Structures are given as C-alpha cells and as structure tokens.
Amino acid sequence: MPVSIHPDSQVEMGEVGDTEGNKRDIEYQNAKAYLLTQSVKSGLNLYDHLASVLSKILDERPDDAVDVFEDYSKLQKKEKFTSDVDTIQAKEEKSTEVALAEIQEKLFGKGDAEEEAVEQEEDVETPLPNLMELCFFFEQAGVGLNREEIIRIWLALKNLVDTHPLLHVRFWGKVFGTQQNYIIAEVEYREGEEEEEEEEEAEEAQEQETEEKREDDEEGEVEEDDTPKPDFKPVPVVPKEDNRTGANKKTYFVCNEAGKSWTKLPIATPAQITIARKVKKFFTGNLDSPVICYPPFPGNEGNLLRAQIARISAGTHISPLGFYQFDEEEEEDEEAGRDNFVENLDFEPVPTRELVDPTLSNWVHHVLHILPQGRTTWWNPVQKGEDDFEDEDEEEEREEPDEPEPETGPPLLTPLSEDTEVDNMPPWTPHLSSKLVPQYAIAVVHSNLWPGAHAFAVEKKFENVYIGWGQKYAAANYSPPPPPAVQDEFPSGPEITEVDDPTPADEATLRAAQAEAAEAAEEMEEAEEEEDEED
Amino acid sequence: MDAQDLHVSVDYVGTSGIIFSPEQKACLQTSLCILQNNYKFDRVYFWGKILGIKDDYFIAQGVEKDEFELKKTLYSKDCVHWGLLPPATPERRENAKLAKGRFTGDPSFEFEHTEKKDENAEEEMITIKEENRLAAVIAEIDNDARIVPRAAFIKTPTGDVFVNRSFQGLSVAESAKLCNYFHFREPEKLQEKSLLQRANLDKAIDFMDSINEDIPKGAWSLQMERGSGLVTLRSLSWIGYVFYHVPGTRKFGSVYVGTGERNIDLPFML
C-alpha cells in the first residue's frame with residue numbers, strides 16, 4: 001500500500017540542540033510522524049490502526065495472539081466505519097452466474113397450459129425415462145454426474161419430449177470439450193412424424209451444385225478436345241445409411257448446458273465415421289467449429305461428434321442376455337442379417353453374480369457393429385459403379401475389377417465374450433457395486449476400449465451411459481496416417497529415359513558406318529541396273 | 001482435496017463425472033480419520049483414484065508441517081485398509097516410464113520391458129513392480145498437474161510453505177486467467193526468468209511456476225460451471241485430473257480419477 005510521506009512533518013536535525021536526549025526525541029518524532037502519515041487509498045494511518053488492534057487484542061486476550069495477529073488487523077480494518085454514501089450511481093452488471101440461473105429457471109416452471117394437460121394425460125405412457133432412479137443406480141456404481149445436474153438434465157429432457165413427437169428418449173451421456181461440454185440425448189421419433197425435410201433439401205441442393213460443377217467441367221473439356229483426360233476414377237462414395245437404420249437408427253440432440261436449447265445433430269455418413277477412426281481430436285464445445293486434422297474430416301465438429309457417438313454406441317451399448325430377442329415372426333434376412341429386435345416380455349432377470357462373471361457371456365451388444373466401410377450393412381461398391389459407367393465409351397476397355405470381399409461383422413445380440421482384446425487386456429471390467437453388502441449389490445461393467453462408457457444391470461433394469469472425452473483407448477501413441485504415395489506420372493520407357501550425348505568419336509564411327517552403308521547400297525543399285533541392262 | 005470435508009467437496013467435481021458411491025464415501029470418512037491419527041499427519045489429502053483393469057487404487061496423501069516436504073502417499077483397494085507406497089526415487093520414475101498399458105489392480109504385478117542398448121548387446125530385461133510404478137505415476141501427476149490458486153500458500157523467510165491464513169479466494173475475473181494458478185511444486189521455470197520479469201513478484205506468494213507457461217499452450221481446459229459460481233480446470237495431459245475453485249471463497253481442491261497414463265497424443269488433439 002503506497003503511503004504518502006509529508007516532508008514537512010520531518011523535523012530537521014540542525015534546528016534543535018545536539019544533545020543525546022534531544023537526538024532520541026527527534027528520531028522518535030520522525031518515526032511517529034512517519035507512522036501517522038495517512039494512506040492515500042484508505043485514509044487510515046498505521047499508528048492509529050496499531051493502537052486500535054493492540055487494544056482490541058488486550059481486551060479480548062485470545063490464545064496465541066501472535067498467530068492470529070493478521071486476522072485481527074484485517075478484522076479491525078473491515079469493522080471500521082466507512083461511509084458508503086456515494087454520489088455516483090453504480091450500474092450493476094449481471095454476472096454470468098445470474099444469466100445462467102435465469103436460463104435454467106425456465107426449466108423449473110410448470111406452465112399453466114401444462115397443468116391441465118397433466119390431468120388428461122396421466123394414463124398415457126410418457127417416453128421420459130426415470131432418470132433419477134438410473135442416477136441412483138449409477139451412483140452406487142461410482143459413475144455418473146452430480147444429482148443436481150441430473151435433475152436439470154431430466155427437466156431439459158422433459159422439455160424435449162414436450163416439444164417433439166418422440167417415442168423414446170434416453171440420456172446418452174456427457175462429452176467433455178475444452179471450452180464447453182456436450183449433454184447428449186438419444187431419441188427415436190414416433191413413426192412418420194419426423195421433421196427431416198430441411199436436411200434433405202439442403203443435401204439435395206448440395207448434390208445439385210456438385211452435379212452442375214461436373215457438367216461445367218465436361219463442357220470445358222469438349223471445347224479443348226486436345227486436353228488429355230485423366231485415368232483417375234474417384235472412389236465411389238459409400239452411401240449413407242437412411243434414418244432409422246444402421247448407424248443412424250437413433251437421432252441425437254445436444255446442448256451445452258441443461259436448460260439451453262437442444263440442437264439436433266446431422267446424420268452420420270460412412271465417410272465421416274471412417275475418417276473419425278483415423279483422427280484423434282478434442283472437442284471444443286462449439287458445434288460449428290471446424291475440425292482441423294489430417295486426413296481432412298468432411299464436416300465440422302457437430303459431424304465429428306455424431307460420428308463418435310455412432311462409434312461409441314456401437315461399441316459399448318450392452319444389455320443383459322435375454323432382455324432383447326429377435327422378433328420370431330420376422331424371417332431372417334440372409335444377406336443383411338437381422339437389425340431389429342423386440343423386448344422380451346418374459347425376461348427372467350439374470351442373477352447379479354452371473355452378470356459379473358469375468359467371461360461376460362451374459363451381456364450382449366444391442367447396437368450393430370460398424371464395418372470398416374463405415375456402415376453396419378455392407379454395400380458393394382462395384383455393382384453401383386457399373387451403372388454409372390454404362391453410357392461411357394470406355395466401358396469396354398475398363399478392366400473388370402475383382403469382386404470385393406464383403407465385410408462382415410458380428411451379428412446383433414452377440415455376447416461380450418466374443419469381443420476382441422484391447423492391447424492384451426480384456427475389453428470390459430465387470431464388478432459388483434458393493435463388496436460389503438453383496439446381496440444387494442448391482443452389476444457394473446466398465447469399458448476399457450472407450451474409457452467413460454459404463455453399464456449397470458439389476459433385476460429387470462439396465463442402462464448404459466458415457467461420460468468422457470469421446471476418445472478411444474490406445475496403449476500405443478497416435479501417429480497420423482502418412483500421406484498417400486506419389487502417383488506415377490507416366491510409364492517409364494526408352495523414349496523418356498535420359499542418355500549420354502554421343503561423343504565426337506561415336507559420331508565419326510556412325511558417319512563412317514552410314515557412308516559405308518550408302519556405298520554398299522549404291523553398288524547394289526548399280527549391280528541391279530547392270531542386271532537390268534543385261535536382260 | 002482435503003480429507004476432512006471430502007463428502008462435501010467431492011460434489012464440486014461431480015460435473016466432471018467424478019462420483020464416489022455412498023459406500024466409498026462412508027468408508028473413506030472413517031478410514032482417513034484413523035489414518036491421520038496413526039501416521040500422525042498434520043493434514044490428510046484425498047488424492048484420487050487410479051483405475052486398474054481388475055481393481056482400482058484409492059490414493060491418499062499425508063503431510064506434516066511443511067506442505068512441500070515429507071509427503072507420504074498411501075493406497076488402498078477397498079477404501080479401508082491403507083498401505084504405504086514406496087518413495088518415488090528418480091530411478092523408479094525413469095523406469096516406470098518404460099511400462100506400457102493400464103494398471104492391473106494387483107500391486108505385486110510385474111511389468112516387463114526388454115531393451116537392447118546396442119545392436120550387439122544382449123537384451124536387457126527390466127521388471128517394474130506395479131507398486132513402484134504407482135508411486136512414480138503419482139509423483140509425475142503431482143509434479144505436472146497438481147495446482148493451487150495464487151496466494152493460497154505462502155512461503156516464510158525460513159523456506160517453509162504454509163497455508164495462507166488470509167487467502168480470500170480469487171475474484172471471478174482473476175479466476176478466469178490461467179496465470180493465477182500455480183504448480184504446487186518447487187519452481188522450475190521461475191529461475192529462468194529475467195530479473196525484470198521477477199521484479200514485480202511477491203516473494204511470499206509468487207514462489208511457484210504459474211500454469212500459463214505450460215507447454216503446449218492449451219494443456220489446461222478452464223471452464224466456468226454454474227455461470228461463474230465454480231471454476232473447473234481439467235488437465236488435458238493427464239486426463240482425469242480435475243481442479244475446482246469457488247471464486248471468492250477459500251474452497252479449492254483437486255482430484256485425479258483416471259487410468260494413470262499420460263496423454264502423449266495431446267499435440268495432435270488440440
């Protein structure tokens with residue numbers, strides 16, 4: 001604290017007498033004057049302050065006064081009366097805390113219209129899950145989120161149910177970002193009530209644009225017919241899976257904080273899923289931020305998040321054996337395999353002890369495995385390719401590519417015991433929630449492949465949740481894929497191979513040889529002529 | 001975080017997905033109290049949890065008077081029985097870096113690492129006991145990630161480090177800046193600073209490295225939870241390390257719940 005020192009208050013040495021006593025007096029006065037100088041900031045001076053602190057300590061006589069001296073000093077300053085009359089009006093700015101609380105306050109409102117609706121709709125089954133109950137079980141397992149946060153998420157899900165025609169809603173999990181986090185809800189729309197026109201229109205527009213571009217290119221080529229055409233054929237784009245099938249079976253909504261508006265994530269394309277496998281990036285928390293990585297990711301962070309959600313769901317969504325079963329009326333489609341299942345109404349709960357068995361044969365995946373192609377069902381790139389080329393002239397020349405081997409993955413409802421090991425360690429860690437009271441414990445399974453993915457099961461209840469950074473586990477360090485090999489420009493042959501220039505000697509021998517040949521030819525001709533003449 | 005109010009302060013890190021079951025909390029409350037008494041610690045900190053494949057390790061640390069010195073680390077697998085970890089000597093810390101993969105959950109497990117120093121030399125086998133690796137990793141995390149707010153600790157002229165009795169917490173504006181958080185360790189970069197840079201530092205307070213100079217930039221994710229009511233700092237190089245501070249109060253602490261592996265891919269991921 002800067003203290004202003006008034007030079008006037010210093011007493012000059014020479015003015016008063018020089019005796020010993022006087023000297024001490026002067027020093028004393030100088031010191032006291034210094035202590036009495038007022039602080040510019042607070043208007044206090046140390047002399048008065050010390051006096052009041054000491055008298056306070058003497059009054060109260062605390063134990064170990066020397067240790068608490070600072071506190072007394074602070075307290076004394078605080079308690080000193082200061083007038084807070086100020087002529088300047090302060091403009092209080094809303095802190096961010098208040099701003100968020102105001103947003104979240106809406107979650108807790110009931111709304112008048114709703115109250116009436118509740119009475120009528122009591123019998124109707126709501127798609128809203130009992131999140132608090134699930135939170136309770138997860139808390140037993142030592143995973144999950146704050147209870148208060150869960151309540152807010154629950155209310156936010158309720159909001160989502162009220163505003164969209166949904167059949168199922170589930171809290172999928174929370175993904176951390178560097179600046180903000182994502183809260184993710186997994187929903188299924190009621191049959192035929194989906195609002196998907198916007199997206200499709202946008203995509204169609206995009207496709208048209210690209211087509212137009214292609215046409216432009218072709219026109220350009222016609223004008224300059226000398227320009228050689230490249231042999232390069234772009235790898236056919238793997239078509240994305242439709243809504244409600246495969247990796248896009250469910251729709252996902254995200255928000256940064258419970259109470260803020262939900263945003264629907266776009267559907268995942270196979271290209272995004274395959275690239276997402278090759279990159280390792282933290283999320284920032286902003287859906288529109290670009291993803292800067294190699295190989296380049298087609299889309300922004302929202303697309304990357306969607307692709308990771310698809311991968312995590314496919315890898316870690318599990319249920320106890322027998323909870324789901326295939327629809328018996330439905331005939332098995334031999335080619336595609338089954339991708340639908342129904343809840344088993346006669347499900348007999350698997351005993352907890354068997355669920356935590358290390359073989360894990362009592363847990364099954366209920367989300368289809370995503371093939372290396374980025375789809376759950378394999379799509380043959382060749383057959384599709386032929387259609388495109390039909391009207392081209394080069395078709396005949398084109399070599400018939402080998403029929404690619406169809407990629408296959410494990411069918412739906414495969415037990416976890418079939419899962420492959422992750423870097424020499426088991427992919428799942430099962431354990432009981434309580435070692436002290438095992439008879440009431442629940443079975444918990446943690447994923448080692450996707451750290452943060454958990455599942456629990458007890459009686460007829462089970463749930464999966466993911467709380468983590470959205471990154472797959474790898475024991476080895478990540479290295480980005482190398483850039484593709486440089487392409488051959490043209491086949492190397494003698495006409496483009498560089499050779500040494502002929503030396504003068506070489507030229508002389510060549511000339512001599514040529515001259516000899518010429519002479520020989522002349523002689524031959526002459527001989528022929530002679531023969532002709534003879535005839 | 002302080003073991004005494006663990007059950008309260010663990011709520012602050014709940015938004016980061018760090019939750020302990022009521023059973024664990026109850027166990028810890030009892031056993032850490034006994035631990036403090038048995039080992040005659042001044043303060044006991046609950047350090048966190050290291051996830052193993054078969055079992056998890058709960059870690060606690062006890063300090064005597066000086067916060068920097070004489071730190072003892074203890075581990076437990078059931079939250080009840082605590083065992084002292086061997087000290088993390090520099091040699092052990094070097095060796096532990098050779099062990100790859102997750103912790104198994106068995107302290108007597110031995111990681112094996114074969115190394116060839118020269119082309120001609122014979123393969124050398126190094127075995128690393130999981131217990132030693134655990135101690136080394138904890139020391140690494142303490143060194144790299146353990147942070148405290150500025151002015152929460154003071155250094156006395158004799159060199160001892162104590163809790164600052166008059167610490168009132170960072171203000172909201174201060175708490176949003178990385179330069180107000182310090183690595184809780186002996187300074188490494190402070191001596192490299194020029195005299196000019198050090199001129200304005202308060203010797204009693206600024207005796208540690210601040211985290212805004214950490215490499216790479218962006219190794220910390222600072223987030224304001226609940227508007228500005230809670231500051232959460234997550235280390236991206238040790239995923240699972242979470243620090244919280246309630247601005248304007250003395251409440252701060254940190255906990256690590258993770259696999260005990262450094263995120264070496266960090267430069268690619270930012």
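Here is the naming used below: chain letters follow the sequence lines, and residue numbers restart at 1 for every chain. Bear in mind the structure is a predicted one, so any value in this text is a computation, not a measurement.
Residues A:Lys281 and B:Phe268 approach most closely at CD-O, 3.5 Å, considering heavy atoms. Closest of all the heavy-atom pairs between A:Gly177 and B:Ser221 is O-OG, 3.8 Å. When all heavy atoms of B:Ile53 and A:Thr429 are compared, the pair lying nearest together is O-CG2, 2.6 Å. Between A:Asp67 and B:Arg165, the shortest heavy-atom contact is O-NE, 3.8 Å. Minimum interatomic distance between A:Tyr473 and B:Glu261 (heavy atoms only, all atoms of both residues): OH-OE2, 2.8 Å.
B:Lys100 NZ to A:Asn477 CG: the interatomic distance, rounded to the nearest 0.5 Å, is 7.5 Å. Taking SG of A:Cys293 as the start and CE of B:Met269 as the end, the distance is 12.0 Å to the nearest 0.5 Å. A:Gln471 CD to B:Asn263 CG: the interatomic distance, rounded to the nearest 0.5 Å, is 8.0 Å. With values rounded to the nearest 0.5 angstrom, A:Asn256 atom CG is found 9.5 Å from B:Gln223 atom CD. Interatomic distance, B:Gln24 CD to A:Gln140 CD, rounded to the nearest 0.5 Å: 10.0 Å. Here CZ of A:Phe282 is found 3.5 Å from CD1 of B:Ile239. Values are rounded to the nearest 0.5 Å.
For chain B, the option among A:Val98, A:Thr178, A:Leu100 with the highest count of heavy-atom pairs below 4.5 Å is A:Thr178. Among A:Gly144, A:Gly285, A:Ala141, A:Ala101, the residue with the largest count of heavy-atom pairs under 4.5 Å with chain B is A:Gly144. Note: A:Gln179 leads A:Glu257, A:Lys174, A:Gln179 in heavy-atom pairs under 4.5 Å with chain B. Taking B:Lys49, B:Met224, B:Lys25, B:Arg102 one by one and counting their heavy-atom pairs under 4.5 Å with chain A, the maximum is reached by B:Arg102. Of the listed residues A:Leu145, A:Ile467, A:Val437, the one with more heavy-atom pairs under 4.5 angstrom with chain B than any other is A:Leu145.
Residue A:Asp71 touches chain B through its side chain alone, counting heavy-atom pairs closer than 4.5 Å. For a residue to count as touching a neighbouring chain, one of its non-hydrogen atoms must lie under 4.5 Å from one of that chain's; by this rule A:Tyr478 touches chain B with backbone and side chain alike. Contact of B:Arg234 with chain A is made through the side chain alone, with heavy-atom distances under 4.5 Å. Proximity to chain A is limited to the side chain of B:Leu266, based on heavy atoms less than 4.5 angstrom apart.
No more than 12 heavy atoms of other residues, nucleotides or ligands shown are found within 6.0 angstrom of NZ on B:Lys54. Annotation for A:Tyr440: atom OH does not count as buried by contact number, only 12 or fewer foreign heavy atoms lying within 6.0 Å. More than 12 heavy atoms of other residues, nucleotides or ligands shown are found within 6.0 angstrom of CZ on B:Arg250. Atom CD of A:Glu105 sits in a sparse spot, with 12 or fewer heavy atoms from other residues, nucleotides or ligands closer than 6.0 Å. In this structure, A:Arg277 places its CZ atom where more than 12 heavy-atom neighbours from other residues, nucleotides or ligands lie under 6.0 Å away.
Side-chain contact check for A:Met425 versus B:Thr104: every heavy-atom pair is 4.5 Å or farther apart. Side chains of A:Leu436 and B:Cys27 form a contact here, defined as non-hydrogen atoms less than 4.5 Å apart. No side-chain heavy atom of B:Ile19 sits less than 4.5 Å from a side-chain heavy atom of A:Phe138.
Side-chain atoms of A:Asn146 come within 3.5 Å of backbone atoms of B:Asp11 as a donor-acceptor pair (strictly under, hydrogens ignored).
Neither side chain, A:Glu70 nor B:Ser166, offers a donor N or O lying under 3.5 Å from an acceptor on the other.
Among B:Asp56, B:Asp78, B:Asp55, the single residue meeting the salt bridge (Lys or Arg N to Asp or Glu O under 4.0 Å) criterion with A:Lys435 is B:Asp55.
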